[in-house]
S.K.: 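One structure coming up, written as structure tokens, with questions to follow.
What you see is a predicted model; the values in this text were computed from it and never measured. Residue numbers start at 1 and run along the sequence shown.
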Amino acid sequence: MQMTSIIIPNFNGLHVLKPCIESIREHTKTAFEIIVVDNGSNDGSVDYCVKEKVKLISLPFNRGFPAACNFGLRVAVGDALLLLNNDTLLTPRWLDHMLRCLYSSVDIGIVGPVTNYASGKQQINDPFTNVTEMAQRYNQPDNTKWQQTERIVGICFLFKRELMNRIGILDERFSPGHLEDDDYCYRARQAGFRLMIAGDTFIFHHGSASFEKEGQQRVQQLIQHNYNQFVEKWGVDPHTFI
């Protein structure tokens with residue numbers, strides 16, 4: 001049976017992690033495992049994961065998003081791998097639709113959903129009302145809503161194990177976060193894989209929950225630093241893919 005490993009980095013995010021995990025369990029009908037990689041939280045997140053019998057990697061301090069994802073990827077057993085922000089809520093049929101898109105062609109490597117809060121093409125144009133209503137509107141199986149793209153945002157990032165075997169794990173030079181997803185997408189396309197937005201899958205995203213703690217000036221400095229690193233690595237402006 002095909003399984004999807006859902007990897008959730010977390011840092012003092014119990015208030016969003018709990019409803020995120022509850023929404024996965026409520027709305028995911030295909031085989032899955034949840035792996036929480038905790039970045040040294042002191043808010044009860046670890047105790048919650050132990051109580052809920054979630055597969056847990058507990059790090060002593062905050063290693064950042066890319067490193068946390070990589071810890072999870074190393075222990076994941078799924079055929080499909082999904083990196084998920086802890087500040088998301090999943091919706092009916094979300095994973096079924098995304099997997100159908102991912103495995104619809106051998107050359108599709110990464111799939112993402114549409115959402116209420118994201119940069120680029122995955123941001124919906126419709127005004128957001130509530131999660132239930134948006135899911136009822138969007139989550140009807142419809143291949144015509146799939147859209148090829150050059151970039152998938154890392155909030156809900158589904159890819160084949162075959163892709164990871166080919167190009168490796170996330171580049172930790174982009175720690176603590178920002179543009180590691182752009183880098184992975186670029187590497188996937190360089191390896192001949194296509195990226196798809198599953199327009200028949202809506203998930204809810206609170207938005208920047210972990211990075212809000214850093215303060216806006218610090219976040220902007222981090223984005224600029226990682227932008228410079230991307231350009232230095234590839235000689236390409238990542239903004240051209242948005």
Side-chain angles (χ1 to χ4, degrees), residues 1-99 102-103 109-113 152-165 167-172 174-177 180-181 184 201 203-206 209-210:
M1 179 188 294
Q2 185 184 73
M3 175 184 279
T4 301
S5 296
I6 302 172
I7 298 159
I8 310 174
N10 178 71
F11 174 61
N12 285 337
L14 179 61
H15 61 294
V16 288
L17 178 66
K18 186 172 182 287
C20 176
I21 289 176
E22 289 170 352
S23 72
I24 294 171
R25 288 175 167 168
E26 180 180 0
H27 296 303
T28 311
K29 306 308 178 189
T30 55
F32 69 93
E33 64 169 353
I34 299 173
I35 304 169
V36 173
V37 184
D38 189 80
N39 265 323
S41 297
N42 57 13
D43 67 342
S45 292
V46 170
D47 290 341
Y48 168 76
C49 292
V50 171
K51 178 187 169 192
E52 291 297 314
K53 297 180 170 59
V54 170
K55 187 183 285 190
L56 173 69
I57 298 173
S58 180
L59 304 176
F61 58 91
N62 191 349
R63 294 282 299 271
F65 187 86
C69 289
N70 288 342
F71 274 103
L73 289 170
R74 290 185 188 103
V75 302
V77 299
D79 311 282
L81 306 161
L82 188 133
L83 307 179
L84 184 69
N85 278 26
N86 61 358
D87 62 338
T88 54
L89 293 175
L90 293 312
T91 53
R93 299 175 296 281
W94 73 284
L95 187 55
D96 289 336
H97 290 190
M98 290 178 67
L99 287 170
L102 184 68
Y103 289 103
I110 308 174
V111 170
I152 297 292
V153 182
I155 58 171
C156 182
F157 196 85
L158 178 68
F159 56 100
K160 293 173 179 171
R161 178 171 289 277
E162 175 195 350
L163 173 64
M164 184 177 73
N165 290 344
I167 71 171
I169 54 180
L170 272 59
D171 187 341
E172 295 182 19
F174 295 102
S175 293
E180 71 283 342
D181 46 359
Y184 208 76
T201 308
I203 71 160
F204 177 78
H205 181 213
H206 287 286
S210 58

S.K.: With side-chain contact (heavy atoms from CB on, under 4.5 Å) as the criterion, how do Tyr48 and Ile21 come out once you've worked through the C-alpha distance, each side chain's angles and the decisive distance to 0.1 Å?
M.R.: CA-CA 11 Å; Tyr48 168 76; Ile21 289 176; 3.8 Å; yes

S.K.: State the CD1-CG distance between Ile35 and Leu84, to the nearest 0.5 angstrom.
M.R.: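 The CG atom of Leu84 is 12.0 Å from CD1 of Ile35, to the nearest 0.5 Å.
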
S.K.: Please name all residues satisfying side-chain hydrogen bond (donor to acceptor under 3.5 Å, both in side chains) with Glu33, sequence neighbours left out, ordered by chain then number.
M.R.: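 Glu33 satisfies side-chain hydrogen bond (donor to acceptor under 3.5 Å, both in side chains) with Ser5, Lys55 once adjacent residues are dropped.
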
S.K.: First locate atom OG1 of Thr30, then atom CG of Leu99, and finally report the distance between them rounded to the nearest 0.5 Å.
M.R.: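 If I round to the nearest 0.5 Å, the distance is 5.5 Å.
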
S.K.: Would the distance check show the side chain of Asn85 and the main-chain N or O of Cys156 forming a donor-acceptor pair, the cut-off being under 3.5 Å?
M.R.: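 Flag not set: sc Asn85 to bb Cys156 has no pair under 3.5 Å.
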
S.K.: What heavy-atom pair brings Asp38 and Ser45 nearest, and what distance separates the two atoms?
M.R.: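 Minimum heavy-atom separation between Asp38 and Ser45: OD1-CB, 3.6 Å.
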
S.K.: Can you name the nearest heavy-atom pair linking Pro9 to Phe65, along with the distance?
M.R.: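 The answer is CG-CE1, 3.5 Å.
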
S.K.: Please evaluate residues Val111 and Thr201 with respect to the criterion side-chain contact (heavy atoms from CB on, under 4.5 Å), reporting the C-alpha separation (whole Å), side-chain torsions for both, the decisive distance (0.1 Å), and the verdict.
M.R.: CA-CA 10 Å; Val111 170; Thr201 308; over 6 Å; no

S.K.: Could you give the distance from SG (Cys69) to CG (Leu170), rounded to the nearest 0.5 Å?
M.R.: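 One finds 5.5 Å between SG of Cys69 and CG of Leu170.
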
S.K.: Atom CG of Leu90 and atom OG1 of Thr28: how far apart are they, to the nearest 0.5 Å?
M.R.: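 It is 5.5 Å, given to the nearest 0.5 Å.
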
S.K.: Side chains of Thr91 and Ser23, heavy atoms from C-beta outward: is any pair under 4.5 Å?
M.R.: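 Sidechains of Ser23 and Thr91: no contact.
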
S.K.: Are the side chains of Glu52 and Arg25 in contact, using a 4.5 Å heavy-atom criterion?
M.R.: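 Yes - at least one pair of side-chain heavy atoms lies under 4.5 Å apart.
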
S.K.: Testing the basics here: between Leu102 and Lys160, what is the closest heavy-atom pair and its distance to 0.1 Å?
M.R.: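 What the structure gives for the nearest pair is O-CE, 3.1 Å.
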
S.K.: Does any part of the side chain of Phe11, heavy atoms only, come nearer than 4.5 Å to the side chain of Asn86, both counted from C-beta?
M.R.: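 Sidechains of Phe11 and Asn86: no contact.
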
S.K.: List for me each residue that meets ring-ring contact (aromatic ring centres under 6.0 Å, His included) alongside Phe174, sequence neighbours excluded, and say none if there are none.
M.R.: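 Counting only residues at least two positions away or on another chain, Phe174 forms no ring-ring contact (aromatic ring centres under 6.0 Å, His included).
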
S.K.: I want to check something: taking the side chain as every heavy atom from C-beta on, are Leu73 and Leu83 in contact at a cut-off of under 4.5 Å?
M.R.: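 In contact.
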
S.K.: In sequence, state the C-alpha distance, the side-chain angles, and the governing distance for Thr88 and His205, and then conclude on side-chain contact (heavy atoms from CB on, under 4.5 Å).
M.R.: CA-CA 4 Å; Thr88 54; His205 181 213; 4.0 Å; yes

S.K.: Is Glu172 close to Arg63 at the side-chain level, that is, under 4.5 Å between some pair of heavy atoms?
M.R.: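 With C-beta onward as the side chain, the pair touches.
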
S.K.: Would you please name every residue forming a side-chain hydrogen bond (donor to acceptor under 3.5 Å, both in side chains) with Asp171, sequence neighbours left out?
M.R.: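 If we apply the side-chain hydrogen bond (donor to acceptor under 3.5 Å, both in side chains) test to Asp171, skipping adjacent residues, the hits are Arg173, Lys233.
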
S.K.: Calculate, to the nearest 0.5 Å, the distance between atoms OH and CZ belonging to Tyr184 and Phe159 respectively.
M.R.: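 Spacing of OH (Tyr184) from CZ (Phe159) equals 4.5 Å.
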
S.K.: Give the minimum heavy-atom separation between Ser175 and Ala67, together with the two atoms involved.
M.R.: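 For Ser175 and Ala67, the tightest heavy-atom pair comes out as OG-N, 4.2 Å.
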
S.K.: Mind listing the closest non-hydrogen atom pair of Ser58 and Val46 along with its distance?
M.R.: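 Between these two residues, the closest heavy atoms are OG-CG2, 3.7 Å.
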
S.K.: What's the verdict on side-chain contact (heavy atoms from CB on, under 4.5 Å) for Asp181 and Ile152, showing C-alpha distance, side-chain angles and the deciding distance?
M.R.: CA-CA 7 Å; Asp181 46 359; Ile152 297 292; over 6 Å; no

S.K.: Report the distance from atom CG of Asn62 to atom CG of Asn10, rounding to the nearest 0.5 Å.
M.R.: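 Reported value, rounded in 0.5 Å steps: 10.0 Å.
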
S.K.: Test your reading of the model: is there a side-chain donor-acceptor pair from Arg161 to the backbone of Gly78, 3.5 Å cut-off?
M.R.: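 At least one qualifying donor-acceptor pair exists.
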
S.K.: Find out whether Thr4 and Leu158 are in side-chain contact, i.e. whether some heavy atom of one side chain is under 4.5 Å from a heavy atom of the other.
M.R.: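 In contact.
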
S.K.: Cys20 versus Asp87: any side-chain heavy-atom pair under 4.5 Å?
M.R.: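 No. Closest side-chain heavy atoms not under 4.5 Å.
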
S.K.: Could you pull out the closest heavy-atom pair between Leu81 and Ala76, with the gap in Å?
M.R.: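 Smallest interatomic distance, heavy atoms only, reads CD2-CB, 3.7 Å.
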
S.K.: Below 4.5 Å, heavy atoms only, C-beta onward: do Val37 and Leu59 meet side chain to side chain?
M.R.: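 Sidechains of Leu59 and Val37: in contact.
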
